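Note that the structure is a prediction, hence the values are computed from the model and not measured.
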There are 2 protein chains.
Amino acid sequence: MARTTLTRDEVLDAAASLVKQHGPAALTMRKLAAELGTAVTSIYWHVGNRESLLDALVERTVEEVGAIRPAGRTPGDRILSVARILRRELRERPHLIAMVHERGLTDRMFLPAQQALVHEVHAAGLRGTRAADAVRAIQFQIIGFVLVERNRERSPAQSPAESELWDPADAPHDPSLARALARPVDPERLFLLTLRALVKALLAPPAG
Amino acid sequence: MARTTLTRDEVLDAAASLVKQHGPAALTMRKLAAELGTAVTSIYWHVGNRESLLDALVERTVEEVGAIRPAGRTPGDRILSVARILRRELRERPHLIAMVHERGLTDRMFLPAQQALVHEVHAAGLRGTRAADAVRAIQFQIIGFVLVERNRERSPAQSPAESELWDPADAPHDPSLARALARPVDPERLFLLTLRALVKALLAPPAG
DNA sequence: ACCTGAACACCGTTCAAGT
DNA sequence: ACCTGAACACCGTTCAAGT
């Protein structure tokens, strides 16, 4: 299995694999060269330098996350389906998403989703500024939630854990609340619950 | 102004200053030593190594962000005031907050705020699981929003900018929506708008 | 108890030299 | 057009040696 010529795509694939497994910090030019069986300096010929290598990985990710197909009968349902799809896509590429985020390309990555949201919010009857606000509120909510969630997963044992922080004795006459807060968060449930509440309030007719 | 003895606090102060100005990547042991006018290795005697130095900075931040005094007449208003205070605290220390976040200590940093939210949600009449869900939904919302917002600020010129992405011709029969999406986000406004919508829906009596 | 310089193993990157 | 090793300037960290 002797190597013939190194290609840019081979470099990108190997780099993506390293990043997906161990994060961007684990991607050193020397390790990558070892992985590819070439001299470190060969990589430079194909990708310029480490920074543009990472940029290329980010570019790939932006394109991959792009495609969105909403499902559901009502605009509300379709908005929720967009949210679920995005959450899944983001969760599959935590390190790469963080890198997209660091480079400020999150908006561009979310453009197709934003267009889908515009469509649904419009279908729900919202117009003009109110529609724009709703789209952005939902967009911020989805991205923000996934960022928080990802952090919680990545973090080692929280010290002290929420369960230790919430002693039933602390709660104001509400032991069931204390117990609920001592239980670990169910992110899927909280995600949908929050989004349903938000969508409901945003799509509701304006209150006096 | 000859230095007498180096103290741990001096090291931490100088390190915090470097991090606040230029981010954690700019904090190298050699630069820090130069800043303090000592040998690199002296720092190791006081703080162990770079990682525990960063840990100490994070610990400081967790304590500083702790204190919370809600204001307002209704539970809803007080929840909003907690949100605003937190947002301000977080925005003042972007780099340090990111480091707290990376170390998975966000929950602990937010414990006082969480307790305040529990109090207000309880005052609003919510009990048990529903109260716990509301607290967590609001907490995730605040943290998530600030994370997204911080990213947008930090990011260089978005390419392409949202304003270029939204050509009025694209919008489905709603030029005012397209115009609204082409305008830059007003984060303060969007933050309050989203939070009001969420709080309203969460505190409302359960719908059938 | 506190500080020091020398030394080590790692980085990313450049460059002249090869084919 | 593609690959290479040597060399440079940076890292964090250890350690024996100083006071």
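Side-chain contact, B:N49 with B:S52: a donor N or O sits under 3.5 Å from an acceptor N or O.
Residue whose closest nucleotide on DNA chain D sits further toward the 5' end, between A:A39 and B:E51: A:A39.
Here C:dC10 sits opposite no nucleotide as a Watson-Crick or G-U wobble pair (both hydrogen-bonding atom distances under 3.5 Å). Under the Watson-Crick or G-U wobble criterion, with both distances below 3.5 Å, D:dC3 has no partner in any strand shown.
Taking 4.0 angstrom as the limit, B:S42 places none of its side-chain polar atoms (N or O) nearer than this to OP1 or OP2 of C:dC2. OP1 or OP2 of C:dC11 lies within a sub-4.0 Å distance of a side-chain N or O belonging to A:T28. Proximity of A:T41 to the phosphate of D:dC3: no side-chain N or O atom is located under 4.0 Å from OP1 or OP2.
Following rounding to the nearest Å, A:M29 (CE) and D:dC3 (P) show an atom-to-atom distance of 14 Å. Whole-Å rounding puts the B:L6 CG to C:dC3 P distance at 5 Å. For B:L27 and D:dG12, the CG to C1' distance is 12 Å, given to the nearest whole Å. Between A:R8 atom CZ and D:dA1 atom C1' the separation is 16 Å, expressed in whole Å. Distance A:Y44 OH to C:dT14 P: 7 Å, rounded to the nearest Å. What separates CZ of A:R30 from C1' of D:dA6 is a distance of 12 Å, to the nearest Å. For the pair A:L32 CG and C:dC11 P, the interatomic distance rounds to 12 Å; values are reported in whole Å. Note: CH2 (B:W45) to C1' (C:dC2) measures 6 Å, nearest angstrom.
A:H46 places a side-chain N or O within donor-acceptor distance of the main-chain N or O of A:L6, the cut-off being under 3.5 Å. Put simply, the side chain of B:R93 gets close to the backbone of B:E89: a donor and an acceptor are under 3.5 Å apart.
Contact of the A:L202 side chain with the B:L193 side chain is registered, since non-hydrogen atoms from C-beta on lie closer than 4.5 Å.
Nearest to the side chain of B:H46, among C:dT13, D:dG12, C:dC3, sits C:dC3.
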Review point. After noting the C-alpha distance and the side-chain angles of B:H95 and B:H22, does the key distance pass the side chain to side chain contact (heavy atoms under 4.5 Å, CB included) rule?
Key: CA-CA 8 Å; B:H95 294 304; B:H22 307 107; over 6 Å; no
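Using a 4.0 Å heavy-atom cutoff across all strands shown, B:I43 reaches no nucleic acid atom at all.
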